[in-house]
Amino acid sequence: GDSVTQTEGQVTVSESKSLIINCTYSATSIGYPNLFWYVRYPGEGLQLLLKVITAGQKGSSRGFEATYNKEATSFHLQKASVQESDSAVYYCALSYEEGSGYNKLTFGKGTVLLVSP
Amino acid sequence: NSKVIQTPRYLVKGQGQKAKMRCIPEKGHPVVFWYQQNKNNEFKFLINFQNQEVLQQIDMTEKRFSAECPSNSPCSLEIQSSEAGDSALYLCASSPQGAGYAEQFFGPGTRLTVL
């Protein structure tokens, strides 16, 4: 089946430094997947950070960016300058438009981002 | 912020007991999903609905899990005979449309502990 692999465990970054959280996927279903980054801030529910549904395109939100690279099957999350308020758990995910279980999300295990002052 | 409501927030059951949790999707969202997130942070899709009709469910759901989304009532997920391995965070999500690219809006989850 499909799977998503992302940077495991916790990533600690100093405030104002750059961030990259790696995400690669293995897709066995037909067609190209839709790609998402979801985030869970402390004490809050899971929410969408950004999405890209077309290969080669870039999505951005709140200073974060991710580019859909179908050749490398990657969707890495980047930010040029992180803030303490970015401390959260980040999840990479995919879904499809058609096929078995087409619109369910397949998630990675999550990456804990801790931004130190 | 998501307006998906899940109750209860915490549920403690003994092995073999029934466990039932509820979800009220955002108003106007016809598509509802249930996911299980285990202690290893692995997500597992359980079932999804569109306008009360089941779109897909995994084999595990078909055996001990049951779910429904009746019209004008909360959606529910019930485990008929809880097992220790069912201890997890159960997440309900709703979406304004069934397309795979549509955003899913998640509730806070019900944390089930099976003793």
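Naming: A, B, ... by sequence-line order, numbering from 1 per chain. In this text, all values refer to a predicted model and were calculated from it rather than measured experimentally.
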Item to check | Proximity breakdown for B:F33 and chain A, heavy-atom pairs closer than 4.5 Å | outcome: side chain

Next on the checklist: Given heavy-atom pairs under 4.5 angstrom as the criterion, report whether the side chain, backbone, both or neither of A:K109 touches chain B.
Outcome noted: both

Next on the checklist: Once rounded to the nearest 0.5 Å, what's the spacing between atom CG of B:L77 and atom CD of B:Q6?
Outcome noted: 9.5 Å

Next on the checklist: For the pair B:C23/B:C75, is the SG to SG distance below 2.5 Å?
Outcome noted: no

Checklist entry - So, the side chain of B:S95 versus the backbone of B:Q97: is there a donor-acceptor pair under 3.5 Å, distance only? => result yes

Next on the checklist: As an exercise: rank B:Q104, B:E42, B:Q37 by heavy-atom pairs under 4.5 Å with chain A and give me the winner.
Outcome noted: B:Q104

Checklist outcome for this item: Taken to the nearest 0.5 Å, the spacing of A:L77 CG from A:L35 CG works out to 12.0 Å

Checklist entry - Where does A:L46 contact chain B at under 4.5 Å (heavy atoms): side chain, backbone, both or neither? => result both

Next on the checklist: Pair A:F36, A:L105 - check side-chain contact (heavy atoms from CB on, under 4.5 Å), show working.
Outcome noted: CA-CA 9 Å; A:F36 304 81; A:L105 288 168; 3.7 Å; yes

Checklist entry - Heavy-atom distance under 4.5 Å to chain A: side chain of B:A93, backbone, both or neither? => result neither

